Number of protein chains: 2
Amino acid sequence: MTSRQTRPRDRAERGIPEATVARLPVYLRALHTLQERGVATVSSEELAAAAGVNSAKLRKDLSHLGSYGTRGVGYEVEYLVYQISRELGLTQDWVVAIIGVGNLGRALAGYGGFASRGFRVAGLLDADESIVGQEIAGMTVENIGRLEELIAERGVSIAVIATPAAAAQGVCDRVVAAGVTSVLNFAPVVLSVPDGVDVRKVDLSIELQILAFHEQRKAGGPGDYDALATGEAPPGTAHYVEAVDL
Amino acid sequence: MTSRQTRPRDRAERGIPEATVARLPVYLRALHTLQERGVATVSSEELAAAAGVNSAKLRKDLSHLGSYGTRGVGYEVEYLVYQISRELGLTQDWVVAIIGVGNLGRALAGYGGFASRGFRVAGLLDADESIVGQEIAGMTVENIGRLEELIAERGVSIAVIATPAAAAQGVCDRVVAAGVTSVLNFAPVVLSVPDGVDVRKVDLSIELQILAFHEQRKAGGPGDYDALATGEAPPGTAHYVEAVDL
DNA sequence: TATTGTGAACACCTTCACAGCG
DNA sequence: CGCTGTGAAGGTGTTCACAATA
């Protein structure tokens, strides 16, 4: 997974296990799909299949929200959508600012899943003067100099950091100082933040490396049509020196 | 995070716990940073801080790879880089194809972390005729019609799916049929694949929803940051001026 | 009768605390 | 002495299997 960086876990914070919270959005998406198809009721078995989990897990997850099913029947789709949305806080709108408008920032800005899911992008900010002023996904890119101002004026509560690695911590410090307590970080660095601020990280290179690990176990190497024949064990000292960032 | 979709877990598959595997890339990145700074040795305490975990966890993780530290001293950075790289399968090159060349696909194609980390992007494919033929990050976008052909010719072993949701399952079926057994999915759908194929998913909307959940618990609603009011956060006068773009 | 909701068992992960060793 | 490596303890998460019930 994409990795975490949330505080140790305030168990009894409000009952719902973190692992369950992480799956609720998946259930919600599956339910939306069913809803579009006009399905009114689902069993845990069906919904679990659509969400890619097993049905016992699904039922236990939902049981943390309350008893919203009907024995012998299943769950009413619309009702469950509402309950999960409410639990996740999606019945209200969250104001998001995207900082860093390169290809990734653009992809995020144009992502349809935002508006429809309780998130409103209220700002695209960049430091590059040649990007500032451009129209992207219907918004004008603004200068990062106005970061604090915009966060306050527009009530931004979630900051999405899509800057190069070198800039990320600085931007993070600024948004936190401006009052933001939730950060979604796409830059390949570990951000340090004060207690009370949540950071979640999305890191594609980490995901690829995890895949590589498993792939290696399957075959013995990429393009491995000649197996582990030729020992790929290199000499005792190797040289890996590289720069890494977006 | 970012969610998973790996098979239940073949414990005793080869010893290393999944949770550990997921952190090794983080350690590796921290080690590379240290290496660039010319640091030759780190203690578990220092490395753990750089990676954002606690030191006991770090030591236990590393202990699954072997005994690569020196009591009373710490770990030799270069040696540890090599050992972790080898464990993750990064001492060999993995051939990657990116399917779907919208903004996200472009961001991925331009991601420097690829080449430097044992991944070689050997193809950018798209179905849109107006995109096919474009030069992106030094490569020419090719027609998705040639998918199977290219996978075979170039020995692609990891497919990155960055298509719209509606196209993702179809593309996935094709890459799997062509022999790919590792898929990194950015499309917001649950892919179904046969046993033996690993899928990892990166889903930004899920991450945002998890943040919203926690944010809601803190305050009571978006825009409500006079709740934690008077406290701590001073006016946003900090001026870290840094370059920001992707 | 079909399906939920859940106690109990199990598996996995994290943390503690200290023995072991350079 | 300082720091690693790890057994043991304590959590958290998953799965099983069945009683409860619409």
Side-chain angles (χ1 to χ4, degrees), chain A residues 1 3-24 26-27 31 39-77 79-80 83-84 210, chain B residues 1 3-24 26-27 31 39-77 79-80 83-84 210:
Chain A
M1 226 181 40
S3 302
R4 321 246 154 114
Q5 196 180 357
T6 321
R7 66 213 130 110
R9 163 72 66 80
D10 291 345
R11 180 104 306 292
E13 181 179 12
R14 188 44 182 157
I16 302 183
E18 192 62 29
T20 295
V21 171
R23 282 186 296 264
L24 291 179
V26 179
Y27 302 153
L31 286 165
V39 176
T41 294
V42 263
S43 67
S44 62
E45 202 70 54
E46 294 162 332
L47 182 52
V53 302
N54 82 38
S55 65
K57 191 187 280 184
L58 172 73
R59 289 199 300 278
K60 180 136 293 193
D61 282 341
L62 294 183
S63 78
H64 289 114
L65 313 192
S67 271
Y68 298 140
T70 307
R71 290 166 201 242
V73 179
Y75 302 87
E76 205 216 316
V77 174
Y79 186 54
L80 199 49
Q83 291 298 344
I84 295 179
I210 296 170
Chain B
M1 120 179 93
S3 304
R4 322 242 155 119
Q5 196 179 355
T6 321
R7 68 211 127 112
R9 163 71 68 80
D10 291 345
R11 182 104 303 294
E13 181 180 14
R14 189 46 184 156
I16 302 183
E18 192 61 30
T20 295
V21 171
R23 281 185 297 265
L24 291 180
V26 179
Y27 302 154
L31 286 165
V39 176
T41 294
V42 262
S43 67
S44 62
E45 202 69 56
E46 294 162 332
L47 182 52
V53 303
N54 83 36
S55 65
K57 190 187 281 183
L58 172 73
R59 288 198 302 276
K60 177 130 321 197
D61 282 341
L62 294 184
S63 78
H64 288 113
L65 313 192
S67 269
Y68 299 140
T70 306
R71 291 166 199 243
V73 179
Y75 302 88
E76 205 218 315
V77 173
Y79 186 56
L80 199 49
Q83 291 299 344
I84 295 178
I210 296 170

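Just the heavy atoms: all of them, side chains too, but no hydrogens, waters or symmetry mates, feed the values below. Residue numbers begin at 1 in each chain, while the letters A, B, ... track the order of the sequences. The structure presented is a predicted model; accordingly, all values stated were derived computationally and were not measured.
For Y75(B) and dG5(D), the shortest distance from a side-chain N or O to OP1 or OP2 is below 4.0 Å. For dT14(C), the OP1/OP2 oxygens have no side-chain nitrogen or oxygen of N54(B) closer than 4.0 Å. An OP1 or OP2 oxygen of dC3(D) is reached within less than 4.0 angstrom by no side-chain nitrogen or oxygen of S44(B). Under 4.0 angstrom from either OP1 or OP2 of dG20(C) there lies no side-chain N or O belonging to R59(B).
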Would you be so kind as to tabulate the donor-acceptor pairs closer than 3.5 Å made by side chains of residues 65-74 of chain A, with sequence neighbours excluded?
from: Y68(A); atom 1: OH; to: L65(A); atom 2: O; distance (Å): 3.1
from: Y68(A); atom 1: OH; to: Q83(A); atom 2: OE1; distance (Å): 3.1

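Look at NZ on K57(A): it is 15 Å from P on dA11(C), rounded to the nearest Å. Here dA22(D) presents its P atom at 17 Å from OH of Y68(A), a figure rounded to the nearest Å. What separates CG of L47(A) from C1' of dG5(C) is a distance of 15 Å, to the nearest Å. Computed from coordinates, the E45(B) CD to dA17(C) P distance equals 15 Å when rounded to whole Å. Regarding L62(A), its CG atom lies at a distance of 11 Å from the P atom of dT6(C), rounded to whole Å. Atom C1' of nucleotide dC16(D) and atom CG of L58(A) are separated by 16 Å, given to the nearest angstrom. Taking atom CG of residue D61(A) and atom C1' of nucleotide dT6(C), one finds them 13 Å apart after rounding to whole Å.
Scanning both residues, L47(A) and Y27(A), for their nearest heavy atoms gives CD1-O, 4.3 Å. The two residues N54(A) and K57(A) come nearest to each other via the heavy atoms OD1-N, 2.9 Å. Listed here is the closest heavy atom pair of V77(A) and V39(A): CG2-O, 3.6 Å.
Nearest nucleotide to the K60(A) side chain, out of dT14(D), dT4(C), dT14(C): dT14(D). Distance from the side chain of S67(A) is smallest for dG5(C) among the nucleotides dA17(D), dG5(C), dT4(D). Ranking dG5(D), dT14(D), dC13(C) by closeness to the E18(B) side chain, first place goes to dC13(C).
Between the side chain of R71(A) and the base of dT4(C), a donor-acceptor pair under 3.5 Å is found.
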